[in-house]
Amino acid sequence: MKRNNKKNGLQAKLENIKLDLSTYKVLLHFQNHKEPFVIHFDKPARRFYFSLIALVVTEMKKKGKPEFIHIRKHEKTLKLLDNSLAGQNASKTVKGMWDKIRKAWRYTLPDLETGTHFKILERNLISPYDKGGKYRYDCSDAECDTWANLFDYDESNPWRFKFAIDLASLSLNDISATLGDLQDNFAWQEFVKSLSMQPKAVSREKRAVPIWWKKAAFSLVAVSIVVAVSSAIWNSYIRPVPPTAELELSNEPSIAVLPFVNMSGDPKQEYFSDGITDDLITNLSKISGLFVIARNSTFTYKGKSVKIPQIAKELGVRYVLEGSVRKAGNQVRINAQLIDATTGHHLWAERFDGALGDIFALQDKFTRKIVAALAVKLTADDKSLIARKGTDNVEAYDANLQGWEYWRRNTKDDLVKAVFSYKRAIELDPEYSEAHAALSLAYQHIVGRRWEVDLGWKDARSMAQKHLRIAMKNPTPLAHRMNSRALLYYKHRHEEAIAEAERALALDPNDAENHWSIARALTFADRSAEAIPFYERAMRLNPHYPQYYPYFLGVAQYCLERYEEAATSQERAFRLDPNTSVWWLAAAYAQLGREEEAADVLAKYIEKRGWHLPYVESTFRYWPFKNQRDLDRFAEGLVKAGMPRPNNPVYRRKYSEAIAQAKRALTAAPNDAKAHRMMAESLIFAGRSSEALDFIKKAISLEPDYSWYLYTLGLGQFCLEQYEEALTSLEKFSNEHKAHSPGWLLAATYAHLGRQQKAEEVLTEYMKSSGYKGHTVSRVLKHYLHAFKDPKDTERFAEGLRKAGLK
């Protein structure tokens, strides 16, 4: 908490600061004062906080400039300091330690008047000034204000602390940490080393310990060390997950189609043999009486020498189809054999030769032969679905196969090639629905991955929508799935999204993706209990499933408050892909009372990506939940895991609650600048900006050096269409906080004032420096200033952005 300077106080310039690690004293040397102002952390409970200050100072000096230090990166050192210095007041949990650190740095350490964390030497106590019997230390205004302003923190990240000597007009050379003759980092290293070598405190009353117990304890310690080391080596993020249980055979005839071997002698023909395999899997999966393993799982065996019985056991099937393809010019030869893995007998083996133009007829023959060998009776719907062909144009079919080959390589360059292949297929057959759906998927992937290709974001998104509309004229399962996703994420039309996913499943009842698509839609529609069986069916059809299967299963389990299962599912997703986001894993851990693990998972994930610790609400935009209760439960877990929420409930669109909270804060502390700012902020977002200005101006008068208030002032002025005044406030704020430029709002303000060139310059520079290339007005409105209650305020902001040149 920063204090404003008192007008009548004696002002004295601070010359230097010394941290004495041997005595736990902070010495402030003021100009024209012979003796330093000494702040003594004189008790075990207080020495930890002295060491916290010394840690921040030492890290700043290592960096060579007074900047913020990400304090959570120093957990190991802080735990040592806490356990070694705080005595009986050491935190019992890591979460407890973080809580007391944040509270101390923000509220108690800066407060020199009550001095709960230290003693001021050579100062006398004066009379109690409140009913609590607390005493005010006799310190001058300059001393009080200087000390209060040294404790700075980054409001956008609650774990970034700074000992703000720059606010006191000091350089790093004017501050030092000493231990005897040692100074700064050498002193700090020796200080920490001495603590790590201290013996553990032992009770004076020792009891005789039986020899058998000593031996047992030694064995237990040895085992614990082995387990701990093994655990650390195995995974630095989470505990290992038990392997999946052995799969049971389905009641239906079950089959896995292995990748057909390319016998053409030309690696460039690999796409064709893979495509033949894909189409066979697709045709067979349309048959309701069969159980067909997904392509993703069978293709894990491509190029591997694995025995058929082992494959069948791992995939949980009785029958395996394997074969080869030779394509030479216009001729195609396909060899295949169907094997009963339980006996090793070949139920059927045959070779098909024909022209490339006969490829569709050859596929039909394959399907009929397999069905006959398995004694499966086709229904009328089965026959109808198998008979449906995407195209009769072999060249278009071939181009589509090439597109999928590029798509699965999952690189930017290959995605561009995939787009051209799908376009080629559509040129050859404009009614080729599967190619339109695939092209739409490719464009969506461009948008989702933010890859720069020959099209911008807006064009890619519009092209995705265009080709999806065409694909829906004669929809394939892929088109229905994509339409389900669009309805879910872009329009929040949950029941329609479920219906579209059901249509996909009806067309292809064995496709694992169709089951997963229904499950996802049900999860977001507040029907997680119904979603679970679909997730499980998807994972059974695709035993080598991708990470998003257990990930979304974990989301559904979390929504049902089955936190142990949710954590296991999220752990499995993380093992499959270590880049998986850990929000739900951390939330599940926290709900289970495993806050330390939750905080650790979050810290490593955020550090790996070089982010600041985000607010809880920043994760919400990815989740189109129908019921706010699911998001609230998610937020509850994240808060327990250590993620912050904005202090003001207005950012959760709880306007009345925000205003009531601000009123309570003002009643308790009428001269608290931050309480006035909270009221102003709440009123602005609630559509009452004219009332807000008095509060934010009062906050500025109470704390004139705290320039963050200027942003709130500028926002309120903008909403009142006081653009000249808003510009003055925002420009001043921007000059004070180069790293936190209010780019969108500043550009919109310039635009409303008719300063077009300046608006475009600010917008361009802000988007470039912040990595916002490709943002549109709608995207900005969705993720920025999303808490406006009055649509007029939203539209005023959007209009300014459009005038500034944002599409």
Side-chain angles (χ1 to χ4, degrees), residues 41 43-56 69-109 116-117 153 157-161 192 195-196 198-203 220-221 224-225 227-229 231-232 235-239 558 561 563-564 566-568 570-571 574 582-607 613-616 633-645:
F41 294 77
K43 298 178 181 179
R46 299 175 170 182
R47 290 173 182 172
F48 171 72
Y49 300 107
F50 170 87
S51 67
L52 173 64
I53 298 171
L55 170 63
V56 172
I69 304 301
H70 195 286
I71 200 69
R72 294 196 74 153
K73 292 182 179 180
H74 303 280
E75 178 180 315
K76 183 177 179 181
T77 301
L78 286 164
K79 285 164 66 176
L80 170 65
L81 295 169
D82 195 11
N83 292 330
S84 303
L85 296 173
Q88 294 180 347
N89 296 94
S91 302
K92 293 182 174 61
T93 65
V94 174
K95 181 180 183 298
M97 181 183 74
W98 291 130
D99 288 344
K100 75 179 183 181
I101 286 174
R102 285 184 64 189
K103 182 179 179 181
W105 196 270
R106 294 187 175 206
Y107 305 112
T108 51
L109 282 175
T116 57
H117 280 31
Y153 59 90
N157 184 339
W159 301 112
R160 282 165 50 85
F161 295 168
V192 173
L195 294 178
S196 65
Q198 287 180 0
K200 296 285 185 179
V202 181
S203 174
L220 182 60
V221 171
S224 299
I225 291 172
V227 170
V229 172
S231 177
N235 197 311
S236 61
Y237 281 80
I238 56 175
R239 300 175 301 162
Y558 185 98
E561 299 184 54
Y563 300 125
E564 194 71 55
T568 300
Q570 293 295 329
E571 287 171 342
F574 188 87
V582 298
W583 309 130
W584 291 91
L585 176 60
Y589 278 163
Q591 295 285 25
L592 290 168
R594 294 158 59 182
E595 288 94 344
E596 292 183 23
E597 291 174 83
D600 186 53
V601 164
L602 279 178
K604 290 179 179 176
Y605 179 71
I606 291 167
E607 182 179 354
L613 183 64
Y615 283 127
V616 167
R633 192 177 292 115
F634 179 40
E636 180 184 276
L638 290 175
V639 170
K640 288 181 180 179
M643 283 183 68
R645 302 194 83 167

* Nearest-0.5 Å distance that lies between atom CG in Asp600 and atom CZ in Arg72 -> 9.0 Å
* Nearest heavy-atom pair of Ala598 and Ala590: which atoms, and what distance? -> CB-N, 3.9 Å
* When you look at Trp98 and Glu75, which way does the side chain to side chain contact (heavy atoms under 4.5 Å, CB included) test go after all the steps? -> CA-CA 9 Å; Trp98 291 130; Glu75 178 180 315; 3.7 Å; yes
* **Exam field: side chain Glu596 to backbone Val94, donor-acceptor pair closer than 3.5 Å** => yes
* Asked: Name the one of Asn83, Asp99, Asp82 that satisfies side-chain hydrogen bond (donor to acceptor under 3.5 Å, both in side chains) with Ser91?
  -> Asp82
* Output the distance between atom CD (Glu561) and atom CZ (Arg633), rounded to the nearest 0.5 Å. => 4.5 Å
* If you count the non-hydrogen atoms of other residues, nucleotides and ligands that lie under 6.0 Å from NZ in Lys43, is the total more than 12? -> no
* Kindly determine whether Ile69 and Phe161 satisfy side chain to side chain contact (heavy atoms under 4.5 Å, CB included), including the steps that lead there. => CA-CA 5 Å; Ile69 304 301; Phe161 295 168; 5.5 Å; no
* Using side-chain hydrogen bond (donor to acceptor under 3.5 Å, both in side chains) as the criterion, list what pairs up with Tyr558, not counting sequence neighbours. => Gln591
* To do: Write down the atom of His117, the atom of Phe41, and the distance for their closest heavy-atom approach.
  => O-CD2, 3.1 Å
* Asked: Between atom CG of Leu602 and atom CH2 of Trp159, what is the distance when rounded to the nearest 0.5 Å?
  -> 11.0 Å
* Test item: Glu571 and Tyr589 side chains (from C-beta on) under 4.5 Å apart, heavy atoms -> yes
* **Close side-chain approach of Val192 and Leu80, heavy atoms under 4.5 Å** => yes
* Val56/Trp105 under side chain to side chain contact (heavy atoms under 4.5 Å, CB included): CA gap, chis, key distance, verdict -> CA-CA 11 Å; Val56 172; Trp105 196 270; 3.9 Å; yes
* **Sequence-distant partners of Phe48, ring pair (Phe, Tyr, Trp, His ring centres under 6.0 Å), two or more places apart** => none
* How far apart are the closest heavy atoms of Gly96 and Thr93, and which atoms are they? -> N-OG1, 3.0 Å
* To do: Before giving the answer on side chain to side chain contact (heavy atoms under 4.5 Å, CB included), spell out for Ile101 and Tyr49 the whole-Å C-alpha distance, their side-chain angles and the decisive distance to 0.1 Å.
  => CA-CA 8 Å; Ile101 286 174; Tyr49 300 107; 5.7 Å; no
* Locate the shortest heavy-atom distance separating Ala641 from Ala586; write the atom from each residue and the value. => CB-O, 3.9 Å
* **From CZ (Arg594) to OH (Tyr563), nearest 0.5 Å** => 14.0 Å
* Any idea which heavy atoms bring Ala567 and Leu585 closest together, and the distance? -> O-CD1, 3.8 Å
* Report the distance from atom CG of Leu52 to atom CG of Leu81, rounding to the nearest 0.5 Å. => 8.5 Å
